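First the structure, in the form of structure tokens, and then the observations on it.
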Protein chains: 2
Amino acid sequence: MQRRQLLDELVSKGIRLTSQRRAVISVIQEAKSHLDAGSLLDLARRLEPSLDRATVYRTIGLLKKLRLIDELDLMHLEGEKHYYEVRTEGDHIHLACFGCGMIQEFTSPLFDRLKEEITRTAGFEIRVARLELGGFCPKCSSRHRGEEEEKTKTSVKH
Amino acid sequence: MQRRQLLDELVSKGIRLTSQRRAVISVIQEAKSHLDAGSLLDLARRLEPSLDRATVYRTIGLLKKLRLIDELDLMHLEGEKHYYEVRTEGDHIHLACFGCGMIQEFTSPLFDRLKEEITRTAGFEIRVARLELGGFCPKCSSRHRGEEEEKTKTSVKH
DNA sequence: TTAAATGCAAATCGTTTGCATCTGT
DNA sequence: ACAGATGCAAACGATTTGCATTTAA
């Protein structure tokens, strides 16, 4: 369900719908992982082969402006790309594993309380909240511990 | 006090100290605002005119690897630059105003509790925590409200 | 002395732009 | 019909790289 979220939002806002936009939107909507502009282009081209990267970036810009998608950095795990995801009701946290590259999402009422606190005590009107944590997932955490200790001992090099 | 933090850390780790590194480090250490690589280069060149941008980036990379500085995006308020700051004891939150570009720092025990919760329930070993909020500071918030309403009414254009 | 750091110039990567053409409404 | 969206190619800004040379320890 809620498959056409983005599309419907655009229609209701009277935004012009081109086949290119439909393609990009459909890909973002169905995506199972966080996509960067490049993969977005590749995937959307299967639906609309003429699609150009400029159009992808322009569509991303449009969706960002309308606050229908969120832009993530995911701790710059692989270069300086940006990643996109459909904006959801409550903000969530992204955990990025330096070991295996895994991205895990996390939600917590504490996060909402923290944001409330900021709104209240700093008088800041939050529009976008991005909490990203870099570190090691349970699997990589143990594997990683060994290497780390070596490094700390002397100055690199075993 | 604690003026030589970074320098001392490097010395104690047996890292080779060049005049270029001293210059970059001294600039980061004394900085009153968040600096990007470009401004860092400009400022450090006053101390070490021969300094090249490659060296600045390499030094930043070194300090990041040693976890002596943190890298920020500051909601990409002006392009895709990165900003740097000396790593402090407790993590803090950055509030970036879309209106005037102001950056405000914010700390809260709730943030630490949230991180603890993540460590505990997700088993994730946090190395870097970056919480950035984009929105409007108190001043810009009121100024901004008017414009926003117009936009929402029809599809852009007055 | 020598492994590591530097400057320089060129390359790379993600993203943006100007402009002639096309298309949704 | 025409404002707005597109493709194309070139430009862009931030960052990285290879390599010959210099330097800290």
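Reminder, nothing fancy here: chain letters follow the sequence lines and each chain counts from 1. All values reported here derive from a predicted model rather than from experimental measurement.
Recorded end-axis angle for the helix from dT1(C)-dA25(D) to dT25(C)-dA1(D) stands at 40°, based on five pairs per end and rounded to 10 degrees.
Taking the nucleotide of DNA chain C with the nearest heavy atom to each of S19(A) and G38(A), the more 5' of the two is matched to G38(A).
Remark: H94(A) pairs with H34(A), H92(A) by the ring pair (Phe, Tyr, Trp, His ring centres under 6.0 Å) rule, at least two apart or across chains. K64(B) meets the salt bridge (charged side-chain N to carboxylate O under 4.0 Å, His left out) test with E71(B); sequence neighbours excluded. A search for side chain to side chain donor-acceptor pair (under 3.5 Å) contacts involving D73(A) returns H82(A), R130(A), H76(B), not counting sequence neighbours. The side chain to side chain donor-acceptor pair (under 3.5 Å) search around S39(A) returns D36(A), not counting sequence neighbours. Under the side chain to side chain contact (heavy atoms under 4.5 Å, CB included) criterion, L47(A) pairs with A23(A), S26(A), V27(A), sequence neighbours left out.
Computed from coordinates, the R21(B) CZ to dT22(D) P distance equals 19 Å when rounded to whole Å. The distance between atom CG of L17(B) and atom P of dA3(C), rounded to the nearest whole Å, is 20 Å. Rounded to an integer number of Å, the gap from CG of L10(A) to C1' of dT25(C) is 15 Å. In this structure, L41(A) places its CG atom 16 Å from P of dC13(C), rounding to the nearest Å. In this entry the distance linking CD1 of I60(A) with C1' of dT16(C) reads 12 Å, nearest Å. Distance CD1 (I15(B)) to P (dA5(C)): 8 Å, rounded to an integer number of Å. In this entry the distance linking CG of L40(B) with C1' of dA14(D) reads 14 Å, nearest Å. Across the protein-nucleic acid pair, R22(A) atom CZ and dT25(C) atom P stand 7 Å apart, rounded to whole Å.
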Show the distances under 3.5 angstrom between N or O atoms of the protein and N or O atoms of nucleotides 21-23 of chain C.
none

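Of the residues in residues 73-82 of chain A, not one places a heavy atom less than 4.0 Å from an atom of DNA chain D. Near DNA chain C, meaning a heavy atom under 4.0 Å from it, residues 50-59 of chain B has S50(B), L51(B), D52(B), A54(B), T55(B), R58(B) in order of number.
In this structure, E116(A) does not pair ionically with R120(A), as no charged nitrogen and carboxylate oxygen lie closer than 4.0 Å. Ion pairing between a basic and an acidic side chain is recognised when a charged N comes within 4.0 Å of a carboxylate O; E9(B) and K13(B) show such pairing.
Listed by first and then second residue, the salt bridge (Lys or Arg N to Asp or Glu O under 4.0 Å) pairs that reach into residues 83-93 of chain A are D70(A)-R87(A), D91(A)-K115(A), sequence neighbours excluded.
Between Q20(A) and the phosphate of dG7(D), there is a side-chain N or O to OP1/OP2 separation shorter than 4.0 Å.
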Name every donor-acceptor pair, under 3.5 Å, that has one atom in a side chain of residues 49-61 of chain A and the other anywhere in the protein, sequence neighbours excluded.
residue	atom	partner	partner atom	Å
S50(A)	OG	E48(A)	OE2	3.4
D52(A)	OD2	A54(A)	N	2.9
T59(A)	OG1	T55(A)	O	2.8

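Checked by atom type and distance alone, the side chain of Q29(A) pairs as donor or acceptor with a backbone atom of L6(A) at under 3.5 Å. Panel note: side chain R67(B), backbone R127(B); a donor-acceptor pair is recorded below 3.5 Å. Without hydrogens or angle criteria, E132(B) side chain to L74(B) main chain gives a donor-acceptor distance under 3.5 Å.
Residue I126(B) shares its hydrophobic cluster (ILVMFWY side chains chained together at separations under 4.5 Å) with I93(A), L95(A), M102(A), F106(A), L110(A), F111(A), L114(A), I118(A), F124(A), I126(A), L131(A), L133(A), I93(B), L95(B), M102(B), F106(B), L110(B), F111(B), L114(B), I118(B), F124(B), L131(B), L133(B).
Going from atom CD of Q5(A) over to atom OG1 of T88(A) covers 9.0 Å, rounded to the nearest 0.5 Å.
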